[in-house]
Peer 1: 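The structure's right below; bear with me while I get my questions together.
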Amino acid sequence: MRITVIGCGYLGATHAAAMAEFGHEVLAMEIDRAKREALAQGRVPMHEPNLADLLARNVESGQLRFTDSYAEVAAFGDLHFVCVGTPQQPESLAADVSQIEAAITGLAPHLARPALVVGKSTVPVGTAERMAGRLTALAPAGGEAMLAWNPEFLREGYAVQDTLHPDRIVVGIQDSRAEKLLRDFYQPMIDQGSPIVVTDYATAELVKVAANAFLATKISFINAMAEVCEATGADVVDLADSIGYDERIGRQFLNAGIGFGGGCLPKDIRAFVHRAGELGVEDAMTFLRHIDDINRRQRERVVHIAKAMVGGDLAGARIGVWGAAFKPDSDDVRDSPALWISGQLHLKGADVRVYDPQANATAGHAFPTLTYADSAVEACRGADLVLHLTEWPEFRELTPTDLEGVVRRQQLFDGRNVLDVDAWRSAGWTVRALGRR
Ligand code: UDX
């Protein structure tokens with residue numbers, strides 16, 4: 001099919017390249033010139049494993065092209081995927097859907113023949129219905145310009161894999177013709193075994209925020225347990241392993257640590273709480289405020305622990321930090337707990353040196369006054385304390401020998417509960433972690 005993708009962030013760039021890989025002809029629209037030009041040259045402007053190859057291959061073959069014109073998009077194909085961002089509003093918990101509105105308003109006047117616009121972005125429930133009305137009103141094709149909502153569940157770091165092999169395809173529709181088109185489009189994935197759920201707009205929109213709310217709840221649940229473990233001398237990793245063996249619970253997303261961050265989970269649960277308030281069901285979603293509070297508290301606890309470990313005064317203390325990205329295999333520092341903690345320690349007077357295998361540049365952009373080191377060992381030179389905050393595999397491979405003669409004091413805090421605590425302790429290090437003995 002000839003399809004278009006509007007918005008080329010993590011979601012759109014991956015969707016465009018992956019759909020080209022499936023054999024579709026793809027025209028992708030990006031209004032940011034630098035990003036568009038990089039993509040058109042086959043370069044990925046963020047760190048996302050396997051995306052560079054996929055993109056370069058499909059750009060080279062001509063299967064994937066880029067534009068900044070809605071007129072060209074409308075002329076090119078009849079299936080248009082909207083993949084723009086819906087960040088948190090600056091002064092509110094609500095999601096900012098202005099990019100969605102702009103995409104529909106920009107595209108609709110060019111839709112003169114039947115077309116299906118497919119929203120993939122995460123939106124407050126009710127947005128699809130509103131956008132469908134706007135589309136019909138503005139498109140010369142009128143009711144022949146249809147809308148569907150088809151949320152995307154990809155994880156950063158696994159974006160290509162998740163897009164090529166989705167664990168489910170959810171489509172919210174109002175018209176059976178839209179269902180037929182999307183079933184045909186996704187047939188290769190359905191044939192591979194991906195289940196498809198066809199439902200209404202509101203359910204499709206809610207599936208996405210409900211999934212993220214559930215994942216956030218799992219993480220905050222185990223982090224709350226970590227606090228109880230600390231108060232009782234219990235071990236949260238043994239606890240998570242043990243409850244995780246129960247298939248009804250499952251072990252995934254029960255890694256206690258400094259909490260969740262990134263461009264999705266934090267803002268999606270806040271937007272959900274806000275939307276619930278607008279809908280008059282705020283009480284039902286109050287627990288999500290606690291989930292958010294527990295998550296923020298984890299970060300604050302690390303700052304307190306770090307302060308205590310350097311002797312009660314952060315001013316002048318030197319702290320080496322491993323990790324700035326919100327999770328490994330990503331250079332994304334949006335709402336990153338690692339960068340937040342580093343920033344707070346710096347603002348309280350510590351000399352903080354951060355190293356991340358991929359996110360030094362993005363972190364430097366977001367927080368230019370921190371010092372960034374070229375290696376994990378360099379970040380620790382003269383340190384009174386080392387903080388492990390993003391669980392990149394290279395940090396797990398570091399041993400006490402690597403830091404011999406490098407640090408001032410042998411003190412380590414594992415914020416992700418993956419380091420071999422016993423090995424570090426046996427080498428004479430003082431080690432602390434969240435919820436561990
Ligand atoms: C998330 C959802 O997983 C994905 O389905 C959705 O489409 C977008 O939001 P992503 O933001 O890429 O994906 O990251 P994810 O892997 O979910 O991790 C989110 C955060 O939770 C990270 O900061 C991670 O470090 C943290 N986390 C995850 C934990 O603290 N403990 C865990 O056990 C798992």
Side-chain angles (χ1 to χ4, degrees), residues 10-11 14 48 85-88 93 95 120-125 150-159 161-163 165-170 194-195 197 203-227 236-237 239-241 243-276 284-299 325-330 332-338 340 390-391 415-418 434-435:
Y10 286 93
L11 164 55
T14 313
E48 183 58 50
T86 52
Q88 186 177 339
L93 295 185
K120 290 196 79 65
S121 314
T122 306
V123 289
V125 58
N150 168 220
E152 176 58 55
F153 303 96
L154 67 79
R155 298 159 296 168
E156 288 180 26
Y158 298 88
Q161 183 188 321
D162 288 350
T163 305
H165 310 284
D167 50 17
R168 77 285 213 191
I169 299 162
V170 177
S194 298
V197 179
T203 308
E205 293 167 313
L206 275 173
V207 167
K208 177 60 194 277
V209 283
N212 277 354
F214 193 83
L215 294 172
T217 302
K218 271 190 109 171
I219 299 168
S220 279
F221 170 84
I222 201 67
N223 283 334
M225 287 299 142
E227 256 187 273
V236 74
V237 177
L239 181 107
D241 288 344
I243 62 173
Y245 284 124
D246 183 331
E247 281 180 6
R248 293 168 302 173
I249 296 173
R251 179 63 178 83
Q252 289 188 54
F253 275 70
L254 286 182
N255 295 323
I258 62 174
F260 58 80
C264 293
L265 255 49
K267 66 107 178 157
D268 286 352
I269 62 167
R270 290 172 201 149
F272 198 6
V273 168
H274 182 89
R275 186 71 184 122
M285 289 294 119
T286 307
F287 77 97
L288 278 181
R289 285 189 187 273
H290 293 300
I291 299 305
D292 199 15
D293 289 346
I294 293 168
N295 194 51
R296 288 175 210 249
R297 194 162 67 238
Q298 292 305 98
R299 305 174 182 198
F326 83 105
K327 69 175 196 180
D329 284 321
S330 173
D332 194 346
V333 296
R334 284 176 294 171
D335 210 340
S336 165
W340 188 93
T390 312
E391 69 277 34
R416 293 296 185 173
N417 284 332
V418 293
L434 294 167

Peer 1: For the residue pair Ala338 and Thr390, what are the closest heavy atoms and their distance?
Peer 2: CB-OG1, 3.5 Å
Peer 1: Hey, could you give me the CZ/CD distance between Arg334 and Gln88, rounded to the nearest 0.5 Å?
Peer 2: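 Between atom CZ of Arg334 and atom CD of Gln88 there are 12.5 Å.
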Peer 1: So which heavy atom on Asn223 is nearest to which on Gly257, and how close?
Peer 2: OD1-N, 2.8 Å
Peer 1: Given side chains that start at C-beta, do those of Asn255 and Val418 come closer than 4.5 Å, heavy atoms only?
Peer 2: no
Peer 1: Rounded at 0.5 Å granularity, tell me how far CD1 in Ile222 sits from OG1 in Thr217.
Peer 2: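 Reported value, rounded in 0.5 Å steps: 13.0 Å.
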Peer 1: As a quick check of understanding, evaluate side-chain contact (heavy atoms from CB on, under 4.5 Å) for Ile258 and Arg416, giving each step before the final call.
Peer 2: CA-CA 7 Å; Ile258 62 174; Arg416 293 296 185 173; 3.6 Å; yes
Peer 1: Could you give me the CA-CA distance, side-chain angles and deciding distance for Tyr10 and Glu48, then say whether side-chain contact (heavy atoms from CB on, under 4.5 Å) is met?
Peer 2: CA-CA 8 Å; Tyr10 286 93; Glu48 183 58 50; 3.8 Å; yes
Peer 1: Roughly how far, to the nearest 0.5 Å, is CZ of Phe253 from CZ of Phe221?
Peer 2: 16.0 Å
Peer 1: Can you find a heavy atom in the side chain of Phe260 that is under 4.5 Å from one in the side chain of Ser220?
Peer 2: yes
Peer 1: Closest heavy-atom contact between Pro337 and Gly259?
Peer 2: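 Closest pair (atom of Pro337, atom of Gly259, distance): CG-O, 3.4 Å.
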Peer 1: Answer yes or no: does atom CZ of Phe287 have more than 12 heavy-atom neighbours from other residues, nucleotides or ligands under 6.0 Å?
Peer 2: yes
Peer 1: Would Leu11 and Thr163 count as a side-chain contact (heavy atoms from CB on, under 4.5 Å) here? Give the steps.
Peer 2: CA-CA 9 Å; Leu11 164 55; Thr163 305; over 6 Å; no
Peer 1: Just do the side-chain contact (heavy atoms from CB on, under 4.5 Å) check on Val209 and Thr122 with the steps written out, would you?
Peer 2: CA-CA 7 Å; Val209 283; Thr122 306; 3.8 Å; yes
Peer 1: Do Ile243 and Leu254 touch side chain to side chain, with heavy atoms closer than 4.5 Å?
Peer 2: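 Touching, per the 4.5 Å side-chain cut-off.
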Peer 1: Centre of Phe272's six-membered ring, under 6.0 Å away, within 45 degrees of the axis: is that where NZ or CZ of Arg275 sits?
Peer 2: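 No, Arg275 does not sit over the ring of Phe272.
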Peer 1: Any side-chain heavy-atom pair from Leu265 and Ile219 closer than 4.5 angstrom?
Peer 2: yes
Peer 1: Do Val207 and Phe153 make a side-chain contact, defined as non-hydrogen atoms from C-beta onward lying under 4.5 Å apart?
Peer 2: yes
Peer 1: If every non-hydrogen atom of Ala204 is compared with every non-hydrogen atom of Pro151, which pair is closest and at what distance?
Peer 2: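 Of all heavy-atom pairs spanning Ala204 and Pro151, the closest is O-CG, 3.4 Å.
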Peer 1: Under a 3.5 Å distance rule, please check whether Ser330 uses its side chain to pair with a backbone N or O of Gly157 as donor and acceptor.
Peer 2: no
Peer 1: Let me see the working for Glu391 and Lys327 under salt bridge (Lys or Arg N to Asp or Glu O under 4.0 Å), right down to the final yes or no.
Peer 2: CA-CA 7 Å; Glu391 69 277 34; Lys327 69 175 196 180; over 6 Å; no
Peer 1: Count the heavy atoms belonging to other residues, nucleotides or ligands that lie under 6.0 Å from CZ of Arg289, then report whether that count exceeds 12.
Peer 2: no
Peer 1: Any heavy-atom pair between the side chains of Met285 and Leu288 that's under 4.5 Å?
Peer 2: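 Answer yes - side chains close enough.
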Peer 1: How far does CG of Leu154 sit from CG of Asp162, to the nearest 0.5 angstrom?
Peer 2: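 The CG atom of Asp162 is 6.0 Å from CG of Leu154, to the nearest 0.5 Å.
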Peer 1: Less than 4.0 angstrom from a charged side-chain N to a carboxylate O is my criterion; do Arg296 and Asp292 meet it?
Peer 2: yes
Peer 1: Any Lys/Arg nitrogen of Arg299 or Asp335 sitting under 4.0 Å from an Asp/Glu carboxylate oxygen of the other?
Peer 2: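 Judged by the 4.0 Å cut-off on N to carboxylate O distance, Arg299 and Asp335 do form a salt bridge.
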Peer 1: What are the two closest non-hydrogen atoms of Ala226 and Ala256, and how far apart are they?
Peer 2: CB-CB, 4.1 Å
Peer 1: Is any side-chain heavy atom of Asp329 closer than 4.5 Å to one of Glu156?
Peer 2: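 They are not in side-chain contact.
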Peer 1: Using a strict 4.0 Å threshold on nitrogen-to-oxygen distance, state whether Lys208 and Glu152 make a salt bridge.
Peer 2: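 Looking at Glu152 together with Lys208, the answer is no, because their closest N to O distance does not fall below 4.0 Å.
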Peer 1: Within the 3.5 Å criterion, strictly below it, is a donor on Thr86 or Lys267 matched to an acceptor on the partner's side chain?
Peer 2: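 Side chains of Thr86 and Lys267: pair found under 3.5 Å.
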Peer 1: Work out which heavy atom in Lys120 is nearest to a heavy atom in Asn150; give both atom names and the distance.
Peer 2: NZ-OD1, 2.7 Å
Peer 1: Looking at side-chain heavy atoms only, is the closest gap between Ile269 and Ile291 below 4.5 Å?
Peer 2: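 Side-chain contact under 4.5 Å: yes.
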